[in-house]
Amino acid sequence: MKKAILLILILFVLNSCEEDGIENQVMVENVSSTSLLNNPTLYEPINLSIAVDNSDAVVDSINIYLDEELISSRTNATSFNFSFNPELYEPGEAVVKIEVIQPGGSTITQEYPITIHRKLLDVILDNNFFGTGYQDFFLFASAADGSLLASELIETLPAAITLTTDKNVIGDTPYYLNIASRFVNNDIEIVSLKTIDDLSISSLDKFTPKSPRRRDDGQRWNLPTTGFTEDILIIGRNSPDYAYGYDHVDFDFSFIKWQNFNGIPATEEYYIRSSHRDGSEQKYKWITDEDLNNGIILDVADFISDNLVEGEVDVTYVDGFENGHDRRLGIYGYRSDEDFSNGTAHNLWLSGFHTLQAPDMFIRPTEDYVLNTSFHSYAHFLFLEDYLTVRRGTPLTNYPIPDWQLNFEITGKEITFNAVGNDHYVGKFSVSSGNVTDELPIVEGKKVLYNWDICFNSATKESLTLPEFPDSMKNWSFGKFYETNTPKIKWGRVERYDGILDYEQYLNEIIKENNDPLLLSPIFEAKFRSNEEFSSFYFEMKDFFN
């Protein structure tokens, strides 16, 4: 026995740290914090190298057990390599036992407790993924019945997280991915949640979303005007990089240039529109940073009508709900391919009216617009009551509107729904307590404003169960409200993207990297349904994670 001191070396590939050997015990070297030494959680195959330190020793066999099951063995050798694949074994706590048997039956053993998990998803979030001012970021996964599979508190950004679970989730088992954050001050808690349904290990293995276009107030200017009357308006519209407004009482013009802080280059020229109050004449003017910094005076005589043409869209469609939904047409212009790729657009047109203003008002058969034809490319949206389309190019004369319907209700934590029609495959729910002007729920003296966007497979699903929260979230004001109340569905919709064939392709091409759908699909269409009269829809198709 004294001549045959056996030392077993277990080497995790690509990791290194050292421990001193102990006579007649297994010595583990070159391991990381996820090694067998520290009760590791194992969810991916690892390569192990086992060797007897004394190459002259005589060894009958080296056996590797997981609990009581022999999983690998080598006879008449002092070393061998093998791969341990935790995916082959039930998840949960287990013990790896290494057994060295010498001639005559003398045995040396060492045991290592481990935990086996299933890997759900690799997640990489950048610095600006969450909105400014929000805190307490959680990433958690839920089973189809809403039960918690895994959760991670995101303490710093950027973050690289591997989400794993001790439940036996196999390749095509559906689960939800949930992302939560909150803003808190003395009298209100604002909670933002995003839920993506019908994920699976086989359908999406990595989630690496780019942050939405994040911006903050940059510079502000107030510029004088001349020549304007109360009949001539400067039409203030927001564009991604700037916004402006006009007070026709004192003819004051204000301009804000947003500051992008996630690397998206901002435009340096700004498109200012004017219009006669009756809409009979449209004009425009370009201004620059130099104009703003030099205190330019906006003169009505400098506005021009070059390259402006008129068009119209058939808007005779009505949804029949008599619920006062919006009717709008918007057109965006891009000055280059690079601007289109960056989403750097100029707001060329926004028209429409809200039937809530006069429920019995005449619905005009056409929506008129004015287009500036000097831009490199265009995109537009048309919102007709329960129908929305966003498309590349300029408006069509008329639009074939799909015959889709979505009926739904929520009971407790279960949403049941019926999506009727062909060709849609993505569904969205907006669950919300309203806005700061509504009567918000109050929990322990604090108002709770929650906005929860849910994405699901509209072609295959008929119901979904809202998820259980991690323990820390249960202590949020919203968490306490959620435990005993039914959340409120603001609206639901079904949608499709031209060139994207199904929900799994949508997950991989749009959701996975938070890509702008307009860059990948020339046509987006959706049909909405609300349980409330006069409910306004958030009609953007992009920035699901904003």
Side-chain angles (χ1 to χ4, degrees), residues 120-126 128-131 139 141 163 174-179 192-214 240 262-264 332 334 337 339-345 377 379-381 383 388-393 402 404 406 419 423-430 451-461 464 491-528 537-546:
L120 297 174
L121 195 64
D122 286 323
V123 179
I124 300 176
L125 303 178
D126 65 24
N128 301 305
F129 181 74
F130 294 100
L139 184 71
L163 205 59
Y175 71 90
Y176 304 81
L177 179 66
N178 309 282
I179 303 170
S192 174
L193 295 108
K194 310 293 180 181
T195 290
I196 311 160
D197 188 22
D198 274 339
L199 290 180
S200 69
I201 297 171
S202 58
S203 68
L204 192 71
D205 61 348
K206 186 176 292 187
F207 177 52
T208 56
K210 298 182 290 289
S211 64
R213 195 184 194 105
R214 297 295 183 201
N262 53 353
I264 300 174
Y332 301 97
Y334 305 88
D337 288 333
D339 280 357
F340 180 74
S341 297
N342 290 328
T344 302
S377 58
H380 71 278
F381 73 83
F383 197 3
L388 167 67
T389 185
V390 181
R391 302 176 181 229
R392 298 177 198 163
W404 300 338
L406 177 66
D423 299 327
H424 62 77
Y425 44 83
V426 178
K428 301 275 174 61
F429 284 118
S430 175
N451 292 291
W452 191 344
D453 296 324
I454 300 171
C455 179
F456 63 93
N457 187 332
S458 66
T460 62
K461 299 285 287 191
L464 56 88
W491 52 255
R493 81 187 191 199
V494 291
E495 56 191 49
R496 78 170 187 94
Y497 300 79
D498 202 35
I500 296 176
L501 302 180
D502 54 30
Y503 185 75
E504 183 172 334
Q505 188 179 1
Y506 170 79
L507 293 179
N508 277 281
E509 295 196 13
I510 294 180
I511 290 293
K512 180 177 182 177
E513 297 182 357
N514 193 28
N515 287 319
D516 182 345
L518 199 61
L519 298 179
L520 300 173
S521 171
I523 299 174
F524 159 84
E525 291 185 295
K527 290 287 288 290
F528 290 83
F537 299 133
Y538 176 71
F539 55 86
E540 288 284 359
M541 70 165 179
K542 61 181 181 179
D543 288 346
F544 177 76
F545 296 104
N546 200 356

* Asked: For the residue pair W491 and F528, does the interplanar ring angle fall in the parallel (under 30°), tilted (30 to 60°) or perpendicular (over 60°) class?
  -> perpendicular

* Asked: How many angstroms lie between NZ in K461 and CZ in F456, if you round to the nearest 0.5 Å?
  -> 9.5 Å

* Does D197 reach the main-chain N or O of I454 with its side chain, forming a donor-acceptor pair under 3.5 Å? -> no

* Going through the distances and angles, do F429 and L406 end up as a side chain to side chain contact (heavy atoms under 4.5 Å, CB included)? -> CA-CA 11 Å; F429 284 118; L406 177 66; 4.2 Å; yes

* Structure fact -> When every non-hydrogen atom of L121 is compared with those of F207, the smallest separation belongs to CD2-CB, 3.7 Å

* Asked: Rounded to the nearest 0.5 Å, what separation is found between the CG atom of N457 and the OH atom of Y506?
  -> 11.5 Å

* Asked: Sub-3.5 Å donor-acceptor pair from the side chain of S341 to the main-chain atoms of D337, do we have one?
  -> yes

* **Rounded distance (nearest 0.5 Å) linking atom OH of Y334 with atom CG of L518** => 5.5 Å

* To do: Answer whether the closest heavy-atom distance between the side chains of I179 and L125 falls below 4.5 Å.
  => no

* When rounded to the nearest 0.5 angstrom, what distance separates CG in L177 from OG1 in T195? -> 8.0 Å

* Might you work through the side chain to side chain contact (heavy atoms under 4.5 Å, CB included) test for I510 and V426, ending with a clear yes or no? => CA-CA 12 Å; I510 294 180; V426 178; over 6 Å; no

* To do: Specify the closest pair of heavy atoms between H424 and A419, including all atoms of both residues, with the distance to one decimal.
  => CE1-CB, 3.6 Å

* To do: Test K210 against every option in D516, N514, N515 by the side chain to side chain donor-acceptor pair (under 3.5 Å) rule and name the one that passes.
  => N515

* To do: Answer whether the closest heavy-atom distance between the side chains of F524 and P517 falls below 4.5 Å.
  => no

* List the atom of R392, the atom of S521, and the distance in Å for their closest heavy-atom pair. => NH2-N, 3.6 Å

* Is a donor on one side and an acceptor on the other found under 3.5 Å between the side chain of R496 and the backbone of Y425? -> no

* Which heavy atom in C455 sits nearest to a heavy atom in K428, and how many Å separate them? -> SG-CE, 3.7 Å

* Give, for atom CG of L520 and atom CD of E509, the distance between the pair rounded to the nearest 0.5 Å. => 6.0 Å

* Structure fact -> Nearest heavy-atom approach of A345 to P240 is O-CD, 3.2 Å

* **Side-chain donor/acceptor of R493 to backbone N/O of S430, under 3.5 Å** => no

* Side-chain donor or acceptor of D498 paired with backbone N/O of P522 under 3.5 Å -> no

* Asked: Under 3.5 Å, side chain of K512 to main-chain N/O of L204, donor-acceptor pair present?
  -> no

* Structure fact -> Heavy-atom closest pair (I201 atom, Y175 atom, distance to 0.1 Å) is N-CE2, 4.1 Å

* Check: S192/N451 side-chain N/O donor and acceptor closer than 3.5 Å -> no

* **Rounded distance (nearest 0.5 Å) linking atom CZ of F129 with atom CD1 of I124** => 12.5 Å

